[in-house]
Chemist: 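Below is the structure I would like to discuss, written out as C-alpha coordinates.
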Amino acid sequence: MNADVYEIFNSVQGEGTSVGVRQVFVRFCGCQLHCEYCDTGAARVPAKRCRVLDRHIDNPLGVAAVIDAIEDLWTPSTRSISLTGGEPLLHCDFIWELAKCVSRPIYLETNAGLPDSARKIADHIDVAACDIKLPEHKATGDYGGLLDAELESIEIFHASGVETFVKIIVLPETTEKSISGAVFGIKAIDDSIPLVMQPVTPLSVDLCQLLDLMDFAGTHLSDVRMIPQLHRMIGIP
(Lines give C-alpha, C1' and ligand atoms only; values in the text may rest on other atoms or scores of the structure.)
Protein backbone atom coordinates (compact mmCIF):
# COMPACT_ATOMS: atom_id res chain seq x y z
CA MET A 1 0.00 0.00 0.00
CA ASN A 2 1.40 3.39 -1.07
CA ALA A 3 0.38 7.04 -0.67
CA ASP A 4 1.60 10.46 -1.78
CA VAL A 5 2.87 12.26 1.31
CA TYR A 6 3.82 15.94 1.21
CA GLU A 7 5.96 16.03 4.37
CA ILE A 8 6.65 14.29 7.69
CA PHE A 9 7.87 16.42 10.59
CA ASN A 10 7.84 16.82 14.36
CA SER A 11 6.19 19.90 15.82
CA VAL A 12 3.61 21.14 18.32
CA GLN A 13 -0.11 20.80 17.61
CA GLY A 14 -1.35 24.33 17.08
CA GLU A 15 -5.10 23.77 16.79
CA GLY A 16 -8.02 22.27 18.67
CA THR A 17 -8.29 20.61 22.05
CA SER A 18 -4.75 19.15 21.92
CA VAL A 19 -3.05 22.49 21.32
CA GLY A 20 0.49 22.47 22.68
CA VAL A 21 0.94 18.69 22.43
CA ARG A 22 4.02 17.52 20.53
CA GLN A 23 3.29 15.23 17.58
CA VAL A 24 4.84 13.71 14.48
CA PHE A 25 2.82 15.08 11.56
CA VAL A 26 2.24 13.05 8.40
CA ARG A 27 0.84 15.43 5.81
CA PHE A 28 -0.87 13.62 2.94
CA CYS A 29 -1.34 15.06 -0.54
CA GLY A 30 -4.74 15.69 -2.09
CA CYS A 31 -8.01 17.29 -1.01
CA GLN A 32 -11.53 17.14 -2.44
CA LEU A 33 -12.37 20.66 -1.21
CA HIS A 34 -11.11 24.15 -2.05
CA CYS A 35 -11.53 26.33 1.05
CA GLU A 36 -10.64 29.98 0.50
CA TYR A 37 -8.60 30.20 3.72
CA CYS A 38 -6.51 27.04 3.11
CA ASP A 39 -2.97 27.48 4.46
CA THR A 40 -1.60 24.22 3.03
CA GLY A 41 -2.55 24.71 -0.59
CA ALA A 42 0.66 23.12 -1.87
CA ALA A 43 -0.43 19.80 -0.36
CA ARG A 44 -3.71 19.75 -2.28
CA VAL A 45 -2.00 18.26 -5.34
CA PRO A 46 0.37 15.28 -5.66
CA ALA A 47 4.01 15.96 -4.80
CA LYS A 48 6.90 14.22 -6.53
CA ARG A 49 8.87 14.00 -3.29
CA CYS A 50 8.14 13.96 0.44
CA ARG A 51 10.20 16.17 2.77
CA VAL A 52 11.57 14.60 5.96
CA LEU A 53 13.89 16.99 7.82
CA ASP A 54 16.64 17.96 5.37
CA ARG A 55 16.08 15.10 2.95
CA HIS A 56 13.46 14.13 0.39
CA ILE A 57 11.95 10.73 -0.46
CA ASP A 58 10.34 9.93 -3.81
CA ASN A 59 6.57 9.49 -3.76
CA PRO A 60 4.53 7.41 -3.41
CA LEU A 61 5.66 6.14 0.00
CA GLY A 62 5.01 2.72 1.43
CA VAL A 63 3.79 2.17 4.98
CA ALA A 64 7.22 0.94 6.11
CA ALA A 65 8.91 4.14 4.88
CA VAL A 66 6.39 6.31 6.72
CA ILE A 67 6.84 4.32 9.94
CA ASP A 68 10.63 4.61 9.66
CA ALA A 69 10.32 8.39 9.32
CA ILE A 70 7.93 8.58 12.29
CA GLU A 71 10.29 6.62 14.50
CA ASP A 72 13.28 8.72 13.40
CA LEU A 73 11.39 11.88 14.39
CA TRP A 74 9.94 10.61 17.66
CA THR A 75 11.18 12.32 20.85
CA PRO A 76 10.54 11.77 24.58
CA SER A 77 7.87 14.50 24.69
CA THR A 78 6.10 13.41 21.49
CA ARG A 79 2.68 11.96 22.25
CA SER A 80 0.93 10.98 19.01
CA ILE A 81 0.97 10.74 15.23
CA SER A 82 -1.06 13.47 13.53
CA LEU A 83 -2.46 12.47 10.13
CA THR A 84 -3.19 15.69 8.28
CA GLY A 85 -3.27 17.10 4.79
CA GLY A 86 -4.57 17.85 2.34
CA GLU A 87 -7.21 15.37 3.34
CA PRO A 88 -5.97 12.15 4.94
CA LEU A 89 -9.28 10.30 4.51
CA LEU A 90 -8.51 10.14 0.78
CA HIS A 91 -5.89 7.59 1.89
CA CYS A 92 -8.03 5.55 4.28
CA ASP A 93 -6.69 2.16 3.12
CA PHE A 94 -3.14 3.37 3.75
CA ILE A 95 -4.16 4.68 7.18
CA TRP A 96 -5.83 1.37 8.02
CA GLU A 97 -2.59 -0.49 7.23
CA LEU A 98 -0.43 2.09 9.04
CA ALA A 99 -2.58 1.82 12.16
CA LYS A 100 -2.13 -1.95 12.22
CA CYS A 101 1.65 -1.56 12.21
CA VAL A 102 2.20 1.15 14.84
CA SER A 103 1.59 1.24 18.58
CA ARG A 104 1.58 5.04 18.81
CA PRO A 105 -1.72 6.94 19.35
CA ILE A 106 -3.19 8.28 16.10
CA TYR A 107 -4.71 11.75 15.85
CA LEU A 108 -6.69 12.41 12.66
CA GLU A 109 -7.18 15.93 11.29
CA THR A 110 -9.94 15.77 8.68
CA ASN A 111 -12.48 17.88 6.82
CA ALA A 112 -14.86 14.99 7.64
CA GLY A 113 -16.40 15.06 4.18
CA LEU A 114 -15.81 11.38 3.40
CA PRO A 115 -18.00 9.30 5.77
CA ASP A 116 -17.40 5.99 3.97
CA SER A 117 -13.67 6.43 4.55
CA ALA A 118 -14.31 7.49 8.15
CA ARG A 119 -16.24 4.26 8.71
CA LYS A 120 -13.30 2.16 7.46
CA ILE A 121 -10.79 3.56 9.96
CA ALA A 122 -12.93 4.61 12.93
CA ASP A 123 -11.82 1.61 14.98
CA HIS A 124 -8.15 2.35 14.34
CA ILE A 125 -7.68 5.96 15.47
CA ASP A 126 -7.68 7.59 18.89
CA VAL A 127 -8.66 11.22 18.24
CA ALA A 128 -10.71 12.72 15.39
CA ALA A 129 -10.39 16.47 14.87
CA CYS A 130 -13.26 17.11 12.45
CA ASP A 131 -13.83 20.34 10.56
CA ILE A 132 -17.27 21.60 9.69
CA LYS A 133 -17.12 24.01 6.78
CA LEU A 134 -19.38 27.06 6.52
CA PRO A 135 -21.02 28.48 3.39
CA GLU A 136 -18.61 31.44 3.42
CA HIS A 137 -15.63 29.07 3.24
CA LYS A 138 -16.64 28.28 -0.36
CA ALA A 139 -15.25 24.76 0.00
CA THR A 140 -17.72 23.17 -2.41
CA GLY A 141 -20.64 23.91 -4.70
CA ASP A 142 -22.87 21.57 -2.67
CA TYR A 143 -22.77 22.94 0.86
CA GLY A 144 -25.79 21.00 2.10
CA GLY A 145 -24.34 17.72 0.89
CA LEU A 146 -20.98 18.48 2.50
CA LEU A 147 -22.57 19.39 5.85
CA ASP A 148 -24.55 16.14 5.86
CA ALA A 149 -21.37 14.17 5.10
CA GLU A 150 -19.39 15.96 7.83
CA LEU A 151 -22.05 15.30 10.45
CA GLU A 152 -22.23 11.65 9.39
CA SER A 153 -18.47 11.28 9.83
CA ILE A 154 -18.60 12.96 13.24
CA GLU A 155 -21.35 10.59 14.33
CA ILE A 156 -19.35 7.58 13.06
CA PHE A 157 -16.26 8.56 15.03
CA HIS A 158 -18.20 9.47 18.16
CA ALA A 159 -20.24 6.26 18.12
CA SER A 160 -17.03 4.24 17.72
CA GLY A 161 -15.62 5.64 20.95
CA VAL A 162 -13.07 7.88 19.23
CA GLU A 163 -12.27 11.08 21.15
CA THR A 164 -14.01 13.47 18.77
CA PHE A 165 -14.22 17.24 18.57
CA VAL A 166 -15.37 19.71 15.93
CA LYS A 167 -13.54 22.76 14.64
CA ILE A 168 -15.10 25.69 12.80
CA ILE A 169 -13.01 28.39 11.15
CA VAL A 170 -14.55 31.79 11.89
CA LEU A 171 -14.26 34.46 9.18
CA PRO A 172 -15.23 38.14 9.46
CA GLU A 173 -18.47 37.33 7.59
CA THR A 174 -19.42 34.39 9.86
CA THR A 175 -22.80 34.81 11.56
CA GLU A 176 -25.11 32.88 13.88
CA LYS A 177 -27.08 31.87 10.80
CA SER A 178 -24.06 30.46 9.01
CA ILE A 179 -22.98 28.32 11.99
CA SER A 180 -26.48 27.22 12.95
CA GLY A 181 -26.46 24.11 10.74
CA ALA A 182 -23.25 22.96 12.37
CA VAL A 183 -24.38 23.76 15.91
CA PHE A 184 -27.75 22.04 15.60
CA GLY A 185 -26.16 19.12 13.75
CA ILE A 186 -23.66 18.53 16.58
CA LYS A 187 -26.44 18.88 19.14
CA ALA A 188 -28.45 16.17 17.38
CA ILE A 189 -25.50 13.77 17.74
CA ASP A 190 -24.39 14.67 21.28
CA ASP A 191 -24.38 18.15 22.78
CA SER A 192 -21.26 17.30 24.80
CA ILE A 193 -19.02 16.99 21.72
CA PRO A 194 -16.52 19.88 22.05
CA LEU A 195 -16.80 22.68 19.50
CA VAL A 196 -13.67 24.74 18.85
CA MET A 197 -14.23 28.09 17.17
CA GLN A 198 -10.97 29.06 15.48
CA PRO A 199 -10.58 32.61 14.16
CA VAL A 200 -8.98 32.70 10.74
CA THR A 201 -5.26 33.53 10.68
CA PRO A 202 -4.03 36.23 10.26
CA LEU A 203 -6.50 37.44 12.87
CA SER A 204 -9.20 39.59 11.28
CA VAL A 205 -12.22 38.69 13.40
CA ASP A 206 -13.62 41.08 16.01
CA LEU A 207 -13.53 39.75 19.59
CA CYS A 208 -17.15 40.77 20.20
CA GLN A 209 -18.16 38.78 17.13
CA LEU A 210 -16.35 35.71 18.47
CA LEU A 211 -17.91 36.03 21.91
CA ASP A 212 -21.41 36.43 20.45
CA LEU A 213 -20.92 33.33 18.28
CA MET A 214 -19.66 31.40 21.29
CA ASP A 215 -22.72 32.42 23.30
CA PHE A 216 -25.03 31.32 20.49
CA ALA A 217 -23.30 27.93 20.24
CA GLY A 218 -23.11 27.66 24.02
CA THR A 219 -26.87 27.94 24.26
CA HIS A 220 -27.08 24.54 22.54
CA LEU A 221 -23.76 22.81 23.27
CA SER A 222 -22.05 22.19 26.60
CA ASP A 223 -18.40 22.60 25.52
CA VAL A 224 -17.59 25.59 23.31
CA ARG A 225 -14.07 27.02 23.14
CA MET A 226 -12.25 29.72 21.17
CA ILE A 227 -8.71 28.57 20.30
CA PRO A 228 -6.56 30.45 17.74
CA GLN A 229 -3.76 28.81 15.75
CA LEU A 230 -0.86 28.62 18.22
CA HIS A 231 1.70 27.45 15.65
CA ARG A 232 0.97 30.39 13.36
CA MET A 233 1.16 32.82 16.28
CA ILE A 234 4.61 31.65 17.40
CA GLY A 235 5.96 30.94 13.92
CA ILE A 236 6.51 27.18 13.87
CA PRO A 237 5.41 24.58 11.25
Side-chain angles (χ1 to χ4, degrees), residues 11-20 25 27-28 30-44 82-89 107-114 118 127-151 153-154 157 164-187 193-218 220-221 223-237:
S11 189
V12 173
Q13 177 57 246
E15 302 179 357
T17 58
S18 293
V19 66
F25 293 78
R27 186 180 304 284
F28 290 93
C31 185
Q32 83 279 23
L33 303 180
H34 44 81
C35 305
E36 283 199 338
Y37 59 80
C38 180
D39 59 2
T40 55
R44 289 176 54 192
S82 175
L83 305 179
T84 186
E87 174 46 53
L89 285 183
Y107 177 108
L108 176 72
E109 299 185 79
T110 176
N111 63 43
L114 300 167
V127 180
C130 299
D131 280 8
I132 289 185
K133 307 302 180 183
L134 303 179
E136 58 267 25
H137 296 164
K138 300 179 181 178
T140 177
D142 179 16
Y143 178 72
L146 175 60
L147 178 60
D148 288 345
E150 291 166 336
L151 292 170
S153 294
I154 292 163
F157 288 130
T164 305
F165 73 89
V166 176
K167 181 183 69 182
I168 292 178
I169 304 298
V170 178
L171 304 183
E173 55 266 44
T174 298
T175 64
E176 291 182 8
K177 180 179 179 180
S178 67
I179 69 169
S180 61
V183 169
F184 294 132
I186 298 166
K187 181 179 181 179
I193 294 174
L195 171 61
V196 173
M197 310 194 80
Q198 180 178 297
V200 68
T201 303
L203 295 175
S204 56
V205 179
D206 182 74
L207 177 59
C208 290
Q209 175 191 4
L210 280 169
L211 295 178
D212 287 346
L213 291 171
M214 289 181 71
D215 283 340
F216 169 74
H220 306 282
L221 305 174
D223 188 348
V224 179
R225 317 180 196 184
M226 189 279 286
I227 304 176
Q229 289 182 298
L230 173 68
H231 60 298
R232 299 290 298 277
M233 294 172 67
I234 63 177
I236 60 174

Chemist: For the atom pair CD1 (I186) and OG1 (T164), what is the distance rounded to the nearest 0.5 Å?
Modeler: 11.0 Å
Chemist: Quick one: CG on L210 to CE on M226, what's the gap to the nearest 0.5 Å?
Modeler: 5.5 Å
Chemist: Where do T40 and G86 come nearest, in terms of heavy atoms and distance?
Modeler: OG1-N, 3.9 Å
Chemist: Is there a side-chain contact (heavy atoms from CB on, under 4.5 Å) between M197 and I227 once you walk through the steps?
Modeler: CA-CA 6 Å; M197 310 194 80; I227 304 176; over 6 Å; no
Chemist: side-chain contact (heavy atoms from CB on, under 4.5 Å) for D212 and M214? Distances and angles first, verdict last.
Modeler: CA-CA 5 Å; D212 287 346; M214 289 181 71; over 6 Å; no
Chemist: Please find the pair of heavy atoms, one from A139 and one from C35, that lie closest to each other, and give the distance.
Modeler: CB-SG, 3.5 Å
Chemist: Given the rule in the salt bridge (Lys or Arg N to Asp or Glu O under 4.0 Å) test, do E15 and K167 qualify, once you have shown the distances and angles that lead to the verdict?
Modeler: CA-CA 9 Å; E15 302 179 357; K167 181 183 69 182; 2.5 Å; yes
Chemist: Any chance the side chains of Q13 and S18 put a donor and an acceptor closer than 3.5 Å?
Modeler: no
Chemist: For L83 and Y107, what are the C-alpha separation, side-chain angles and deciding distance, and is it a side-chain contact (heavy atoms from CB on, under 4.5 Å)?
Modeler: CA-CA 6 Å; L83 305 179; Y107 177 108; over 6 Å; no
Chemist: Starting at CG of L108, measure out to OG of S153 and round the result to the nearest 0.5 Å.
Modeler: 9.5 Å
Chemist: Out of curiosity, F184 CZ to L151 CG, how far, rounded to the nearest 0.5 Å?
Modeler: 12.5 Å
Chemist: Counting only N and O atoms by type, is there a donor-acceptor contact under 3.5 Å from the side chain of E109 to the main-chain atoms of C130?
Modeler: no
Chemist: If I compare all heavy atoms of V200 with all of P172, which pair ends up nearest, and what's the gap?
Modeler: CG1-CD, 4.4 Å
Chemist: Mind checking whether I179 and F216 have side chains closer than 4.5 Å, heavy atoms only?
Modeler: yes
Chemist: In chain order, what residues pass the side-chain hydrogen bond (donor to acceptor under 3.5 Å, both in side chains) check against R44, with sequence neighbours excluded?
Modeler: none
Chemist: State which residues pass ring pair (Phe, Tyr, Trp, His ring centres under 6.0 Å) with Y143; sequence neighbours excluded, sorted by chain then number.
Modeler: none
Chemist: Looking at every non-hydrogen atom in both residues, tell me the closest pair between A217 and L195 and how far apart they are.
Modeler: CB-CD2, 3.9 Å
Chemist: Give a yes or no on whether the backbone of G30 and the side-chain of E87 come within a donor-acceptor separation of less than 3.5 Å.
Modeler: no
Chemist: Under the 3.5 angstrom rule, does the side chain of S82 hit a backbone N or O of F25 as a donor-acceptor pair?
Modeler: no
Chemist: Calculate, to the nearest 0.5 Å, the distance between atoms CG and SG belonging to L213 and C208 respectively.
Modeler: 11.0 Å
Chemist: Given V166 and I154, is the side-chain contact (heavy atoms from CB on, under 4.5 Å) satisfied, shown in steps?
Modeler: CA-CA 8 Å; V166 176; I154 292 163; 3.6 Å; yes
Chemist: Sub-3.5 Å donor-acceptor pair from the side chain of H220 to the main-chain atoms of V183, do we have one?
Modeler: no
Chemist: Is there a donor-acceptor contact under 3.5 Å from the side chain of Q209 to the main chain of T174?
Modeler: yes
Chemist: Please check this pair: side chain of N111 against backbone of G113, looking for a donor-acceptor N/O pair closer than 3.5 Å.
Modeler: yes
Chemist: Over all heavy atoms of both residues, which pair between A182 and I132 is shortest? Give the atoms and the distance, please.
Modeler: CB-CG2, 3.5 Å
Chemist: If I take atom CD from residue Q198 and atom CD from residue Q229, how far apart are they, to the nearest 0.5 angstrom?
Modeler: 4.5 Å
Chemist: Do any N or O atoms from the side chain of H137 and from the backbone of L134 form a donor-acceptor pair under 3.5 angstrom?
Modeler: yes
Chemist: If you look at every heavy atom in F157 and A118, which pair is closest and at what distance?
Modeler: CZ-CB, 3.5 Å
